[in-house]
Amino acid sequence: MGKLDGRVVVITGAARGQGEQEARLFAAEGARVLLGDVLDERGAAVAKDIGEDRARYVRLDVSREEDWAAAVATAKEAFGGSVDGLVNNAGILRFNELTATPLAEFQQVVQVNQVGAFLGIKAVAPEIEAAGGGTIVNTSSYTGLTGMAYVGAYAATKAAILGLTRVAALELAAKNIRVNAMCPGAVDTPMANPGLLDPAGPTAESRDAMAELYRRVVPMGRVGRPEEIARLALFLTSEDSSYITGQPFVIDGGWMAGVSIL
Ligand SMILES: NC(=O)c1ccc[n+]([C@@H]2O[C@H](COP(=O)([O-])OP(=O)(O)OC[C@H]3O[C@@H](n4cnc5c(N)ncnc54)[C@H](O)[C@@H]3O)[C@@H](O)[C@H]2O)c1
């Protein structure tokens with residue numbers, strides 16, 4: 001028996017990184033998953049690899065309300081008429097000093113990370129209610145809880161996601177919908193490690209530099225793996241977390257615990 005038997009879950013940004021691992025793990029635990037992304041070729045390939053009976057891909061730009069309506073319709077049509085889970089995972093990161101950040105860049109990050117999560121809740125929560133209840137997991141970040149220089153737009157949206165999570169949890173609890181947020185530290189995906197996008201993989205030099213960075217700043221001495229974040233998403237989507245709602249969950253190898261001087 002899987003932890004998500006009978007569940008139908010929409011996962012955004014599922015073509016790669018954490019979203020891909022969430023889709024693979026959820027399907028392995030018995031869920032049927034709708035993978036949404038803007039990377040069509042890659043998303044379709046992941047869904048195909050998981051299997052037609054368990055996974056479908058749909059183009060879902062989370063910042064477009066009409067895409068959400070179409071995605072929900074696709075999930076219902078493909079998987080028996082209802083949806084009872086959502087993982088708002090899609091996100092983008094831009095590095096810039098705040099005072100040098102162009103307005104358009106700031107707004108783009110807000111549009112994807114923050115408006116995208118809002119639209120997801122708005123489109124999917126009524127479906128979860130109609131299904132009798134379920135779960136929403138939002139993806140915030142370490143930077144939603146503490147500062148990090150040069151990621152001002154990103155950090156602002158990740159803090160906003162925690163606000164959204166709390167309000168959604170309060171408003172949806174009576175409808176049997178739990179809403180929680182994950183706050184990952186550094187995770188080894190193309191967002192934190194663009195070298196992964198190179199078919200040959202990151203250069204030895206960049207691998208060494210990153211390993212040294214994480215050894216210094218993360219108490220556990222290493223970067224997180226997307227599979228580890230997927231396991232937290234599974235916990236928050238399954239009955240294992242049945243009495244938890246409205247909470248941020250830090251998953252960061254101890255980074256947030258404090259400063260080590262040794
Ligand atoms: N990697 C990290 O260190 C880290 C740390 C904390 C939080 N996060 C968060 O985790 C989530 C997943 O990121 P990841 O690490 O897997 O990075 P990633 O860049 O590998 O994956 C992000 C996915 O989101 C998709 N996406 C981007 N814009 C989209 C849009 N408008 N609509 C739909 N999909 C879109 C991308 O195509 C990609 O598949 C993000 O919300 C990110 O902010 C990542």
Side-chain angles (χ1 to χ4, degrees), residues 10-25 34-47 57-68 70-71 86-95 105 107-120 123-124 136-146 148 151 153-162 164-165 181-198 202 210 213-214 217-218 222-230 232-233 236 248-253 255-256:
V10 176
I11 303 176
T12 68
R16 72 181 193 205
Q18 296 173 44
E20 174 184 348
Q21 295 308 320
E22 286 156 3
R24 290 184 184 282
L25 180 61
L34 185 80
L35 293 81
D37 208 298
V38 291
L39 299 176
D40 296 335
E41 212 173 299
R42 213 182 146 123
V46 173
Y57 172 78
V58 69
R59 184 178 181 84
L60 167 57
D61 177 340
V62 293
S63 66
R64 291 168 52 95
E65 197 161 18
E66 56 272 36
D67 282 14
W68 275 105
L86 168 66
V87 181
N88 273 320
N89 163 76
I92 57 173
L93 170 67
R94 300 286 180 268
F95 289 99
E105 180 177 299
Q107 287 175 326
Q108 185 198 19
V109 176
V110 169
Q111 197 62 26
V112 176
N113 295 4
Q114 183 176 337
V115 175
F118 157 67
L119 289 176
V124 182
I136 297 174
V137 177
N138 295 322
T139 309
S140 175
S141 162
Y142 177 88
T143 62
L145 290 163
T146 189
M148 184 180 284
V151 298
Y154 180 83
T157 64
K158 293 302 184 180
I161 283 176
L162 297 181
L164 267 180
T165 299
M182 305 189 291
C183 299
V187 186
D188 201 22
T189 69
M191 180 177 282
N193 185 3
L196 290 172
L197 292 175
D198 188 325
M210 294 195 73
L213 172 70
Y214 296 128
V217 303
V218 180
R222 65 168 175 86
V223 68
R225 294 186 290 271
E227 295 86 343
E228 294 175 308
I229 311 304
L232 176 57
L236 295 173
F249 287 80
V250 177
I251 172 163
D252 70 347
W255 200 358
M256 184 82 91

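Counting begins at 1 with the first residue of the sequence. Source: prediction; values computed, not measured. Whatever order the structure lists ligands and atoms in, that order sets their numbers, starting from 1.
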Ligand 1 N/O within reach of Y142 N/O, cut-off under 3.5 Å: no
Which option, [options], owns the non-hydrogen atom nearest [atom]?
{"atom": "atom 33 (C) of ligand 1", "options": "T12, V187, L60, T143", "answer": "L60"}
{"atom": "atom 5 (C) of ligand 1", "options": "S141, S140, G116, G185", "answer": "G185"}
{"atom": "atom 18 (P) of ligand 1", "options": "R59, R16, R64", "answer": "R16"}
{"atom": "atom 40 (C) of ligand 1", "options": "N89, V38, T139", "answer": "N89"}
{"atom": "atom 1 (N) of ligand 1", "options": "T189, D61, N193, I229", "answer": "T189"}

Donor + acceptor pair across side chains of D37, Y57 (<3.5 Å):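 Absent: no donor and acceptor within the cut-off.
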Ligand-residue contact atoms, ligand 1 with G91, heavy atoms, under 4.0 Å: 22 (C), 24 (O), 27 (C), 40 (C), 41 (O)
Interfacing atoms of ligand 1 (cut-off 4.0 Å, heavy-atom, A186): 3 (O)
Nearest heavy-atom neighbours spanning K158 and S141: CG-CB, 3.6 Å
Which atom of L162 lies closest to which atom of A181, heavy atoms considered: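 The pair with the smallest heavy-atom distance is CD2-CB, 3.7 Å.
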Close approach of K158 to ligand 1, heavy atoms, under 4.0 angstrom: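 Yes, that is the case, since the closest heavy atom of the residue is under 4.0 Å from the ligand.
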Within-shell test, P190 vs ligand 1, heavy atom, strictly < 4.0 Å: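 In this structure, P190 qualifies as a contact of ligand 1 - some heavy atom is under 4.0 Å.
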Any donor-acceptor pair under 3.5 Å from D188 side chain to R225 backbone: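 Checking the backbone N and O of R225 against the side chain of D188, no donor-acceptor pair under 3.5 Å is found.
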Approximate separation, where rounding is to 0.5 Å, of L232 CG and T139 OG1: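 Here the rounded value is 9.5 Å.
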Within 6.0 angstrom of E66 CD, more than 12 heavy atoms from elsewhere: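 Atom CD in E66 is crowded, with more than 12 foreign heavy atoms closer than 6.0 Å.
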